[in-house]
Every structure is written in C-alpha cells, then in structure tokens.
Amino acid sequence: MPEVSIKQALAGQPAENAQVTVKGWVRTRRDSKGGFSFITLNDGSCFDSIQVVAPGELPNYQSEVLRLTTGASVIATGKLVRSQGKGQAYEIQADQIQAVGFVDDPDTYPIQPKQHTFEYLREVAHLRPRTNTFGAVTRVRHTLSMAIHRFFHENGFYWIHTPIITCSDCEGAGAMFRVSTLDLANLPRTPEGKIDWSQDFFAREASLTVSGQLNVEAYCLAMSKVYTFGPTFRAEWSFTPRHLAEFWMIEPEVAFADLAADAALAESFLKYIFRAVLDERQDDMAFFAQRIDKDCIQRLESFVDSSFERMDYTDAIAALEKSGKNFEFPVKWGMDLQSEHERWLTEEYVKRPVVVMNYPKEIKAFYMRLNDDGKTVAAMDVLAPGIGEIIGGSQREDRLDVLDQRMAECGLNPANYQWYRDLRRYGSVPHAGFGLGFERTIMYVTGMQNVRDVIPFPRTPKHAEF
RNA sequence: UCCGCAGUAGCUCAAUGGUAGAGCAGCCGGCUGUUAACCGGCGGGUUGUAGGUUCGAGUCCUACCUGCGGAGCCA
C-alpha cells in the first residue's frame with residue numbers, strides 16, 4: 001500500500017480510491033456524534049493539512065482516537081476519496097489509525113490551534129515549525145536555497161566551502177567570536193604579561209568568519225566564477241529586527257568582471273530566485289499574502305518584471321538634494337546613504353529597484369577598486385522598494401600598489417594580508433562580486449518583520465537556548 | 001551601549017487606588033459530515049522579582065530581570 005506525503009494525497013495521488021498511508025501530526029480533532037471524528041494531519045510537505053475521517057468502528061476509536069490532541073503523531077491508512085465537505089478536494093477514509101505519540105499533558109502543550117505571538121513562539125523554537133507560519137517560512141527558505149544553488153550551477157559557478165574558522169579579520173568588519181581551546185581560568189602569558197596565543201590550538205588568535213569574501217576571491221582567481229553560501233558570525237551587541245549573531249550569506253565572485261557586470265549579475269540572480277518562489281511556493285505565498293503582508297506577492301511580481309535603474313552615487317545625492325524632502329539626516333556628498341534616503345530613491349524617485357554605484361572611498365572597504373577620479377570606489381548597492389539595501393557589492397582592487405595604499409589609509413597592516421596580496425602579484429585580473437544576506441532576503445520575500453523568525457534557531461546577544 | 005513601550009491563568013487580553021475576569025486551550029457532557037466547528041458545565045492565579053507609599057496596590061514610586069521597538073552598527 002503506497003505511503004504518500006500529504007502533498008501527494010491532497011493532489012489525488014496515486015489515484016482516487018487508492019489505499020494510502022499518511023504520517024503526520026494532528027492539527028485539530030473534531031468529533032461528530034454521528035460516531036466518528038475528523039482528524040486534520042500535517043506533515044510539512046505542503047501548506048495544507050489533510051482531513052482523515054476516523055469511523056467509530058475502529059477498534060481503538062474509544063481508547064486512542066478520542067484521546068488524540070493537537071500535536072499528537074499519527075499514522076493513518078485508508079482510502080483516498082473525494083471529500084464530501086467543502087474545505088478540501090480529497091480526504092482519507094481511515095480503516096486504521098495508529099497513535100504513534102500522544103501529547104503529554106495536552107493542557108500545557110505550547111502550540112495550540114490559535115494565533116500565537118511571534119515573541120512567544122521564539123520561546124518554543126523547537127515546536128514552532130508545527131505552526132502554519134513557520135512551516136511556510138521553512139519551505140520558502142528551502143526553495144530560496146535551492147534556487148540560489150541552481151542559479152549559480154546553471155551559470156557555471158562553483159560553490160566554494162570557505163572556512164568557518166579564520167585567522168584574518170577580513171574587512172575589519174564587525175566584532176568577531178574568538179575560537180580558542182585555552183583554559184580561560186589559567187591563560188598562558190608572554191613575558192610582557194599578554195595572552196600567549198602561540199600556545200592556543202591554532203598557535204594564533206582565531207575567530208569565526210565574518211565573511212567568506214577574501215577566501216572566495218582566491219578561488220575566483222583560478223575557477224573564474226565562484227560563490228559561497230554559508231553561515232557567518234558577528235559578535236555585535238545589537239538588538240534589532242534585522243540583526244543576528246549567526247546568519248547566512250551568499251557571496252558570488254567573478255573573474256574578468258567589472259562593476260557593470262556585477263550589477264547585471266545581481267539583477268538576474270535576484271529575479272531568478274524570486275521567480276522560483278513565485279512558481280514553486282504558491283501555497284505558502286498565498287498564506288503570507290493573507291496573514292503576514294498583503295503586498296508580498298505583488299512586490300515580487302513587480303520586482304521580477306522591472307528592469308533595474310543604474311545611478312551614480314553622485315547623481316543620487318543630487319536627486320536627494322533636489323527632492324525637497326525634509327530628511328532626518330541631511331544629504332551631503334560624502335555621507336553614507338541612510339535608510340530613509342535609500343527608501344526614497346527606490347520607492348518614490350525611480351519606483352523600482354535601483355543600483356547605486358561609485359561611492360566615496362571614505363565610506364567603503366579597503367578592497368574596493370579605486371576609480372580614476374581618486375575619490376570614489378567601484379562599489380554598488382542594490383536598493384529595492386519596501387526594504388532598501390538588499391545587496392552590497394564591488395569591483396575589487398586588483399592593483400597591488402593601489403591596494404597597499406588603500407590598506408595604509410585604512411590603518412591595516414599588509415603583513416596580515418600576505419596571501420590576499422599574493423592574488424594581486426600572480427596573475428591578477430579585474431574581478432567583482434557582491435554579498436547578500438540570506439535572512440533579509442527571506443524577510444523581503446515573505447514580509448516577515450523579524451529576522452529571528454526566518455531562521456530556525458536564532459542566535460542573538462544573550463540568546464542561544466536551542 | 002543609549003532612548004522608549006510592555007510584563008495579569010497554558011496562550012491572547014480585560015480590570016477608576018477598593019471582592020482578579022473573559023475568550024481560546026484542557027477536562028466532562030450535548031450535537032448525524034465537521035472545516036482553527038458549535039452549545040452547556042468544570043478546574044485553572046504568589047498579577048516578572050525585591051523594596052517603598054497607602055487604611056487598602058495588578059494599578060502609584062524606586063531598583064533589578066525579561067521581552068519588544070527605535071538609535072548606533074551592519075547583512
């Protein structure tokens with residue numbers, strides 16, 4: 001007898017009137033005094049649950065079926081039939097219900113068939129995937145992941161597994177988590193009284209990565225088109241709906257590419273993965289549109305149908321100055337664009353995604369290629385309506401002398417970047433790439449308002465309970 | 001780290017300084033196919049913690065804890 005997912009059963013597979021077995025968790029049980037019960041089962045395979053009709057003649061009807069509560073696990077076998085009721089096309093007329101796991105103390109089972117606050121559900125992060133919202137987020141997250149890998153694979157990119165543990169403070173970006181096996185209660189000291197890292201596991205200070213970019217550049221300058229997609233760690237002391245201490249980042253890098261090619265890649269990439277969600281997760285997106293953010297589907301559709309505007313930073317500043325808007329942060333050439341400025345540019349000025357390019361070098365990282373004007377670097381931000389910055393990228397500085405000069409300006413010691421400098425000594429080429437925060441992308445797609453609700457087990461300051 | 005808002009039943013929320021309540025969930029009963037069903041009943045509380053003001057504090061004051069939002073920082 002075929003064992004099917006609830007997704008298959010709801011689609012009438014393998015066939016109407018076929019004998020099938022489904023396995024899942026009870027969402028609700030409704031009893032009819034016609035002497036039978038309706039059990040709604042969900043197994044995560046799709047948004048919808050299937051209705052199992054349990055007749056009172058089942059041998060374990062009184063002893064087990066009537067004791068099933070929300071959250072119990074069940075294996076149900078029976079005939080897949082067209083439903084007499086209105087809520088679903090197919091249901092299962094059960095001739096066998098196996099109660100696999102009951103809920104211990106149903107009175108306090110944390111997930112009830114009702115609306116819970118997201119704040120509460122974070123406290124039961126191990127059970128929240130049993131809710132509609134987190135099931136839908138989980139499937140969308142998976143679909144985006146697969147689409148990302150598929151896009152790069154189909155376009156000749158190699159997935160590079162850059163290291164999680166690093167010894168280089170790559171961009172000087174953000175506070176880092178130390179990786180050490182030293183005995184904290186008895187730290188080895190140098191004669192000067194400083195901690196003697198030479199006795200640590202890696203014989204030097206080591207940390208969790210804040211970006212795979214520098215490592216992936218090395219593979220770019222051999223494999224031509226590469227990307228990383230993995231976890232990243234920032235020990236920043238920040239409490240906001242957009243920050244995590246552990247998050248996932250996508251960073252492609254392309255050899256023989258300039259900033260314009262980088263922007264073109266970002267555009268086709270974003271459109272591809274959003275198209276995939278629209279095509280493959282219609283059930284979940286309909287839920288998000290209904291319950292979370294009514295505009296989320298339309299936002300994606302208009303995104304994939306728009307051509308991105310390209311705009312120089314200098315022109316963006318000029319437009320902002322002429323906007324007549326009274327911004328909280330006054331606009332001036334040389335400043336970094338604040339969130340309010342980004343939103344105005346993309347939502348009101350051009351009304352579609354916009355790539356802002358060539359920022360002042362003072363507000364950007366040392367590895368970005370210095371433009372001929374000597375004042376700006378070949379950096380870009382992709383701004384999208386409804387969110388602001390979604391991608392940041394740049395053409396990298398491929399000239400060793402200019403790189404050294406920029407590192408000096410940024411107060412970095414070239415001795416710490418020997419292998420990175422080597423890439424400019426041995427067959428250097430123009431290359432470019434960008435970074436995309438995966439969780440923020442999921443927020444944009446689903447309309448979810450808090451980054452802690454789009455990753456299974458969020459890590460934030462003082463929080464790593466699960 | 002700074003600023004603001006909040007904390008009452010398992011969950012979502014009420015309660016003018018004057019007897020702590022409702023809905024949902026749970027349990028019991030009713031209802032001939034229900035759709036987060038419906039109807040009736042029952043149990044459920046150290047009002048975040050510690051002090052203070054007051055005849056009297058869930059309510060006012062102080063400190064702390066926790067959560068959320070904003071700023072900074074960023075993805």
Side-chain angles (χ1 to χ4, degrees), chain A residues 26-40 42 48-56 66-67 69-71 81-88 91 93 103-124 127 131-132 171-175 209-213 231-251 291 328-329 336-340 342 363-365 381-382 387-393 434-444 449-455 460-463 465:
Chain A
V26 174
R27 284 293 175 85
T28 61
R29 189 195 84 227
R30 297 180 296 276
D31 302 325
S32 164
K33 270 303 179 270
F36 53 95
S37 298
F38 300 99
I39 299 164
T40 306
N42 188 284
D48 290 312
S49 304
I50 196 163
Q51 173 162 290
V52 176
V53 184
L66 288 181
R67 286 173 53 219
T69 56
T70 303
V81 298
R82 290 210 173 263
S83 178
Q84 300 170 35
K86 289 209 173 78
Q88 57 283 320
E91 66 187 18
Q93 201 72 40
V103 168
D104 179 39
D105 190 12
D107 192 32
T108 57
Y109 179 61
I111 307 295
Q112 293 168 19
K114 61 171 288 191
Q115 200 142 28
H116 290 101
T117 60
F118 291 135
E119 292 82 0
Y120 167 70
L121 290 171
R122 279 172 218 146
E123 297 171 8
V124 288
L127 297 172
T131 64
N132 282 335
E171 340 177 359
T209 183
V210 296
S211 164
Q213 182 199 312
T232 307
F233 308 87
R234 303 272 169 94
E236 297 288 350
W237 198 250
S238 61
F239 296 81
T240 87
R242 299 175 306 284
H243 288 84
L244 290 166
E246 176 181 291
F247 63 98
W248 287 60
M249 197 152 58
I250 297 102
E251 295 172 292
R291 299 298 285 272
E328 186 185 344
F329 293 89
D336 206 357
L337 296 181
Q338 298 294 317
S339 182
E340 56 176 345
E342 296 177 342
I363 58 173
K364 291 293 181 183
D381 283 347
V382 180
I387 190 174
E389 180 183 338
I390 187 167
I391 274 182
F434 61 79
L436 174 74
F438 189 44
E439 283 74 20
R440 289 186 182 176
T441 306
I442 301 170
M443 290 171 71
Y444 183 70
Q449 293 293 300
N450 196 306
V451 73
R452 299 164 196 140
D453 299 325
V454 298
I455 189 167
T460 54
K462 297 202 269 189
H463 287 289
E465 291 89 347

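Per chain, numbering begins at 1; letters A, B, ... match sequence-line order. Keep in mind that the numbers below use all heavy atoms, side chains included, and drop hydrogens, waters and symmetry copies.
- In this structure, the side chain to side chain donor-acceptor pair (under 3.5 Å) partners of Thr108(A), at least two apart in sequence or on a different chain, are Asp105(A).
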RNA chain B base-pair string [pairs: Watson-Crick or G-U under 3.5 Å; |: paired with another strand]: (((((((..((((....[..)))).(((((.......))))).....(((((..]....))))))))))))....
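- No hydrogens or angles considered: a donor-acceptor pair under 3.5 Å links the side chains of Thr240(A) and His243(A).
- When the C1' atom is compared between C74(B) and G26(B), the two are found 46 Å apart, to the nearest whole Å.
- Taking atom C1' on both C60(B) and U47(B), the two are 15 Å apart, rounded to the nearest angstrom.
- Counting heavy atoms from C-beta on, the side chains of Thr441(A) and Val454(A) never come closer than 4.5 Å.
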Between the protein and nucleotides 1-7 of chain B, list every N/O to N/O distance that falls short of 3.5 Å.
residue	atom	partner	partner atom	Å
U1(B)	OP1	Trp237(A)	NE1	3.3

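- Residues satisfying the side chain to side chain contact (heavy atoms under 4.5 Å, CB included) test with Arg30(A), not counting sequence neighbours, are Thr28(A), Phe38(A), Thr40(A), Gln51(A).
- Interatomic distance, Thr70(A) OG1 to Gln112(A) CD, rounded to the nearest 0.5 Å: 8.0 Å.
- Going from the C1' atom of A20(B) to that of C13(B) covers 14 Å, rounded to whole Å.
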Nucleotides 30-37 of chain B: protein proximity per nucleotide (B base, S sugar-phosphate only, - neither; heavy atom, under 4.0 Å): -BSBBBBB
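- In terms of the ring pair (Phe, Tyr, Trp, His ring centres under 6.0 Å) criterion, Phe247(A) has no residue partners (sequence neighbours excluded).
- Spacing of P atoms, C61(B) relative to U54(B), comes out at 16 Å, to the nearest Å.
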